[in-house]
Trainee: 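One structure coming up, written as C-alpha cells, with questions to follow.
In what follows, chains carry the letters A, B, and so on, assigned in the order in which the sequence lines appear, proteins first and then strands, with residues in each chain numbered from 1.
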Number of protein chains: 2
Amino acid sequence: MEHPHLALVVDDEPQMLDIVTFALETQGFASVSAKDAESAWSLFRNRRFDLVVLDVMLPQSSGLSLCRRIREVSAVPVLLLTAKSGVQDRIAGLEAGADDYVTKPFHPRELALRAEAIVRRTAVAPAPVELVHGPLRVGQDAATVHGRYLHLSALELRLLRRLASAQGQPVSFRDLLLSGWQIDEGPGGREMLKTALYRVRKALHGEGMPRAIRAVRGVGYELPHPGRD
Amino acid sequence: MEHPHLALVVDDEPQMLDIVTFALETQGFASVSAKDAESAWSLFRNRRFDLVVLDVMLPQSSGLSLCRRIREVSAVPVLLLTAKSGVQDRIAGLEAGADDYVTKPFHPRELALRAEAIVRRTAVAPAPVELVHGPLRVGQDAATVHGRYLHLSALELRLLRRLASAQGQPVSFRDLLLSGWQIDEGPGGREMLKTALYRVRKALHGEGMPRAIRAVRGVGYELPHPGRD
DNA sequence: AGTGAAGGTCACAGGGCTGTGACCGAGCGT
DNA sequence: ACGCTCGGTCACAGCCCTGTGACCTTCACT
C-alpha cells in the first residue's frame, strides 16, 4: 500500500492553512504546516516532501525567496498561492522555479486537483546533467579535467557546479553562498567562500587548470570560457 | 570542439591491445590500456572513461569479475571481447552487466563501429531510482523513514541501498563489501561490515525502524519485507 | 550443558573536511 | 604615492567519518 504524498503548506494566515490542508487531505495528501519561511525551511530540510504549497506573501522573508532556496537543492514541485492582483508576483514566482500557482480566492477542489496533477507528473527526478566547460566536466557526484577526476569535497563540488552552470557569466557571492551552504549572505559568509574557492582552485591547478576561477571584484566569481582573458 | 571519447582497453595480449586501440582511434577514440584487472581497476577509479573494452580471459582475475566491480559503481558502457567458442562466457558477460560483445577474431572496423554505437546510445546517465521498502525510501543521496531523513554517511547509504535493492532477499557479505567498498572479500572486511551495518541499524532504530536489518548467519544480511518475522 | 564460531556493541584513533582568524598582496580611488 | 578595501593564502582547531581491536552475546553443533 502506497504512502500518502506529503505536502508542506506555508502561509501566515491560520485560516488559509486550514483551508489548504483540508483540501489536500480530501485528495489523499498528508500535510505539515509552517507559518513563516524560516520554520518552513527548517521542516523542509529535515523531512522529505512530495509537494510544497507556498503563499507568496510571507512575513519577513518572501515566499519567492523561499522558493529559490528550495529550488537550489530540490526539484520538488512548488505550488504558489498568490493574491488576485499579483500578476507580477505570479511571473516572478514561475521565474523563481515554481511549477504552478493558484490565485486567491480559490475553490479548494481546484487546488487539490492541481496539486494531484503536479505530483502525478513528478514521477522521476530529472536525470542529473553533466556540465561541460572546456576540458572540465562537472557531474552531480564528481568532476573531471581531461577525464581525470578532481579531488573535491561535496561542498567544493557544489560550488564548482554553480560556477560551471553560469556558462562564463559571473556568479554573485549570494548565489554561491546559496548553492554551497543554502544560506543567505551574512557575516563570515564571504570568508568561508574565499577559503572554499581557494581549495577548489588548488584542485583545478593540480589537474592542469590554473587560474580557472576568476574573482569579479565586489560581485562574485566567474569561470570564464577558455580562450578568454 | 568536443573532446574525443576515452576508452579503457583491458587485455593481457600486447598484440590484441594494439589492434583494439588502433581500431578505436580510427573511430576517433582516445584510449588507455591495461594488461590485467588490477591495473585496469586502478586506472578506472582515477579517470573517467566513456567506454571499457574488456577481454573475458584475464590472468588471475576474470574479466567478468572486473565487469561486475565496474557495474557496482558505474553505468559506463562495457564491450566484452570473447573467444569464438565462449558461448557461456558471452551469456555470463551480459549477465554481469556488459552492454555488448565482439567475438575473436574480429574485424577491427566492426569493433570500432560497435564501440561508436554504444557510446552514442549512452547519452545521459539513467535517472537515479529511489528504492521503496515499506516506510523506508532510499535514494541515491539520502534515505527517509516515514518521510524523515536518516542521518547516514555515504558508506552507510550505499550499504542500505544494496540491502533495499535485494527486495527482501539475503545479500552476501561479498556483495555488501563490493557495494560499500568496491573490494573483494579479504581479512578484516567482515569486521568493517559489522561495524558499518551496526551504525546503519542505529540510524534506523532512531527513526522508528528497529531490527530492520537481519543477519543471515554465514551468508550475509537481509532487509526482510515488513510483516515477515 | 558445553564449546566454539559468528554476530553485535563500543570506544579509540587517525584522517579528511570545514570554519575561522590572521596576515599579506592586489586593486581601486583619491 | 598613499590609504583603504577586497581578495588570496595559510595554518589551526573542531567535528565527522571510518577502520580497528577488544569484549560481550547469541547461535549452532556436539
Trainee: Can you tell which of B:Val171, B:Val216, B:Leu163 makes a side-chain contact (heavy atoms from CB on, under 4.5 Å) with B:Tyr221?
Mentor: B:Leu163

Trainee: With the criterion being N/O to N/O and under 3.5 Å, what pairs connect the protein with nucleotides 25-29 of chain D, and how long is each?
Mentor:
| unit_1 | atom_1 | unit_2 | atom_2 | d |
| --- | --- | --- | --- | --- |
| D:dC27 | O4' | B:Arg217 | NH1 | 3.3 |
| D:dC27 | O2 | B:Arg217 | NH2 | 3.4 |

Trainee: Check this for me: does any side-chain nitrogen of one of A:Glu222 and A:Arg217 sit under 4.0 Å from a carboxylate oxygen of the other?
Mentor: no

Trainee: Does A:His5 use its side chain to pair, donor to acceptor, with the backbone of A:Leu51 at less than 3.5 Å?
Mentor: no

Trainee: Between atom CD in A:Glu191 and atom C1' in D:dA13, what is the gap in whole Å?
Mentor: 17 Å

Trainee: Just distance, no hydrogens or angles: give the donor-acceptor pairs under 3.5 Å from side chains in residues 197-209 of chain B, sequence neighbours left out.
Mentor:
| unit_1 | atom_1 | unit_2 | atom_2 | d |
| --- | --- | --- | --- | --- |
| B:Arg201 | NE | B:Ile213 | O | 3.1 |
| B:Arg201 | NH2 | B:Ile213 | O | 2.9 |

Trainee: Restricting to non-hydrogen atoms, name the atom on B:Cys67 and the atom on B:Val78 that form the minimum distance, rounded to 0.1 Å.
Mentor: SG-CG1, 4.1 Å

Trainee: Rounded to the Å, how far apart are B:Glu156 CD and D:dT18 P?
Mentor: 6 Å

Trainee: Given C:dA11, is OP1 or OP2 found less than 4.0 Å from the side-chain N or O atoms of B:Tyr198?
Mentor: no

Trainee: Answer yes or no: is there an ion pair linking B:Asp175 with B:Arg162, defined by an N-O contact shorter than 4.0 Å?
Mentor: yes

Trainee: Ignoring hydrogens and angles, answer whether the base of D:dC16 and the side-chain atoms of B:Ser153 contain a donor-acceptor pair closer than 3.5 Å.
Mentor: no

Trainee: Base, sugar-phosphate or nothing for A:Arg199? Non-hydrogen atoms, less than 4.0 Å.
Mentor: base

Trainee: Nearest-Å distance, CG (B:Leu197) to C1' (C:dT9)?
Mentor: 13 Å

